[in-house]
Q: 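Just passing along the structure, written as C-alpha cells.
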Number of protein chains: 2
Amino acid sequence: MTETDSLPERKRGSGVKMVYDLLRDEILDLKIAPGSPIDEVQLAERFKMSRTPIREALVRLAGEGLIETLPNRSTMVSNIDFMNLHTFFDALVLMYRVTTRLAAQSHRPEDLAVIRGFHEDYAAALSARNHIAMIATNAAFHAAIAEAGRNPYFTGLFRRLLDEGRRILQLYYQSYDEHFPQRFVDEHAAIIAAIEARDIEEADRLGKAHAEAIVAQVQKLFSRNDRLDIAL
Amino acid sequence: MTETDSLPERKRGSGVKMVYDLLRDEILDLKIAPGSPIDEVQLAERFKMSRTPIREALVRLAGEGLIETLPNRSTMVSNIDFMNLHTFFDALVLMYRVTTRLAAQSHRPEDLAVIRGFHEDYAAALSARNHIAMIATNAAFHAAIAEAGRNPYFTGLFRRLLDEGRRILQLYYQSYDEHFPQRFVDEHAAIIAAIEARDIEEADRLGKAHAEAIVAQVQKLFSRNDRLDIAL
DNA sequence: TGTATTTTTCTTGTCGACAAATAAAATGCA
DNA sequence: TGCATTTTATTTGTCGACAAGAAAAATACA
C-alpha cells in the first residue's frame, strides 16, 4: 500500500492533520472496522514519519471518542454502542428539530443557495448509488441548515452528532445494496420549502418527521441483527 | 512555586492526566486569564517532566477548545467569545430543559439521593460565599439531573456546555463580592420536587425559568461592561 | 533619521532511542 | 499432562536533542 507521496518534503505541521483526517474518514466510513487494533509503529512507517506526530493525531481522535486507548497496552477503533442507540437517536432528532427551526427563523437568502447545492449533491449521490457520498452530502445538507440557524454552538454539537452517526448510517445503507428510496430527497425538498417560507412550526414538524423516519428504519434494521452482529 | 511532589517517582501515564486536569481547572476557574500565553518549556520544568507529556495534555485541551495554538508560534488560553454569548445561552437553556424533562420522566429513586446531595453542597457553598465551590456544585447538581435522564449523549453534551460556562459564571459571581441571592437554592429545590413528582411539563418550565433567570442576570452584567473588558 | 535587510532569538514540531508495563511464550515441577 | 513461575517479546510512554519557522533585534544603507 504505497498511498503516500514519494517526495519526503512535507510541510512542518501538516503531517498530524493529514494522518488525523485520513484515519478519521477511514473510521467513520467503516473502512477500518470497529474494534480493529491501531498500531503506532505501523502507521509511522506507512506515513514515513516518526511516532510523535502519529501519536498526536491519535490523541485527538481519542478526544473525540473515535478510538480507545488501553493504558500501556493497545489502542483500537471504538465500538459502536448498540445498547444505547436510542439515546443517540433522541439527541439526533432533537438537533434536527432545533436546527431546522432556527434556520426557518434566521436564515438569509444566500444560505438557501448553499443548502440547495448540497441538496442536489445528495440527489446525485443517490442516483449514483454511492453510499459514502450519500452520507457525506446528507450530513453537509443538514449542517448547512444548522449554519443558516446562526448558532455556532448548535452547529458544533450537531456536526459532532452527524459524524458519530456516519458509522451507523454506513451500516444502514450497506444493507440496501440496491434501490434507495427517493423519499429522503423529497423530504429534503419539503424542508427547504418550509425554511424558505419561514414557517417555523412546519420546519420543526418536517425535521422531526424526517429524523424519525430514518431512525425507525435504522432501528428496524438493527432489531433484526441485534443478536448476530453484536461484536461489530 | 513548588507545588509538585518532591519524590521523582511518578506512575507511568499519570503525568499527562495530572497536567491536563490541573490546567483545565486553572483555565475554567480563571486562575489563568483568557489570552495568557502557555509555555511548554515552562510547564515542563514546573512539573519536572519532558515536553512530550505536556504536549499531549495541551493537545487534549486544544481539542476541547480551551486553548488555541498558533502554528509554529505560540499557544494561549482561548478567549471568551462575548460576541456570541447569546448563542451559548440558547444552547444552555435548551439543555437545561431537555435534561430536566428527561429526569422527571426516567429517574429512579436512587438518583434523587445523589441530586439532593449536590443540592446541599451547593447551599453550603453559597452560605460560605465560595465562588468556585458554588460553580462546581451547581454544575454537579445539574449534571446529576442529566444523569438521571439516562441519556449519555445529552449528558455528555450538557457537561461540555456547563464546563464552558464555568468561565462566564466565574466572572458573574466575582461581580457580586457579597450577598448571593438565596433564590437559586429555592429554584433548585423546586426542580427536585417536580422531578420527584414526575411532572414533566413543570420540570421543563422550571428548568427553563431557572436557566433564563441566570442568563438574564449574566447578560445584564455584560451589557454594562461590554465595551470596557472586551479584551478579557 | 527612517526604512529595508540580515541576524539573532525563541518557540514549536519532529526525530530516534530508551525504559516501563503488560501479554505471550517458555520453562520448571508435581 | 496440568499448573505456577520465569523469561522473552511487543507496545506504549517518556526523554533529550535538533531543526524549522516566525517574530524581534540588530545592522546596513539612503
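Letters A, B, ... mirror the listed sequences (proteins, then strands); counts begin at 1. These numbers come from a predicted model, not from an experiment.
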Q: Between atom NZ in K11(A) and atom C1' in dA19(D), what is the gap in whole Å?
A: 18 Å

Q: May I ask you to decide whether K31(B) forms a salt bridge with D25(B), counting only side-chain N to carboxylate O separations under 4.0 Å?
A: no

Q: Could you state the CG-P distance from L43(B) to dC15(D), rounded to the nearest angstrom?
A: 14 Å

Q: Respond yes when some side-chain nitrogen or oxygen of T52(A) is under 4.0 Å from OP1 or OP2 of dT14(C), and no when none is.
A: no

Q: What I want to find out is whether E147(A) reaches R159(A) closely enough, with some N-O distance under 4.0 Å, to be called a salt bridge.
A: yes

Q: Mind checking whether Y122(A) and F141(A) have ring centres under 6.0 Å apart?
A: no

Q: What integer distance in Å separates R12(A):CZ from dA19(D):P?
A: 12 Å

Q: What integer distance in Å separates K17(B):NZ from dG13(D):C1'?
A: 17 Å

Q: Got a donor-acceptor pair under 3.5 Å from the side chain of R51(B) to the base of dG13(C)?
A: yes

Q: Between the side chains of D111(A) and R150(A), is the shortest nitrogen-to-carboxylate-oxygen separation below 4.0 Å, so that they form an ion pair?
A: yes

Q: Tell me: CD of Q42(A) to C1' of dT10(D), nearest whole Å?
A: 13 Å

Q: Does P71(B) offer a backbone N or O that forms a donor-acceptor pair with the side chain of T69(B) under 3.5 Å?
A: no

Q: With a 4.0 Å limit, can you tell me whether S50(B) has a side-chain N or O closer than that to the phosphate oxygens OP1/OP2 of dC15(D)?
A: yes

Q: Rounded to whole angstroms, how far apart are CD on E45(B) and C1' on dT11(C)?
A: 13 Å

Q: Could you tell me whether the side chains of H86(A) and N151(B) share a donor-acceptor contact shorter than 3.5 Å?
A: no

Q: Measuring centre to centre across the rings, with the benzene-like ring taken for any Trp, is F158(A) within less than 6.0 Å of Y96(A)?
A: yes

Q: What's the CD-C1' distance between E40(A) and dC15(C), to the nearest Å?
A: 14 Å

Q: Name every residue in residues 53-74 of chain B that has at least one heavy atom under 4.0 Å from any atom of DNA chain D, in order of residue number, or write none if there are no such residues.
A: P53(B), N72(B), R73(B)

Q: Between dT12(D) atom P and I38(A) atom CD1, what is the distance in whole Å?
A: 10 Å

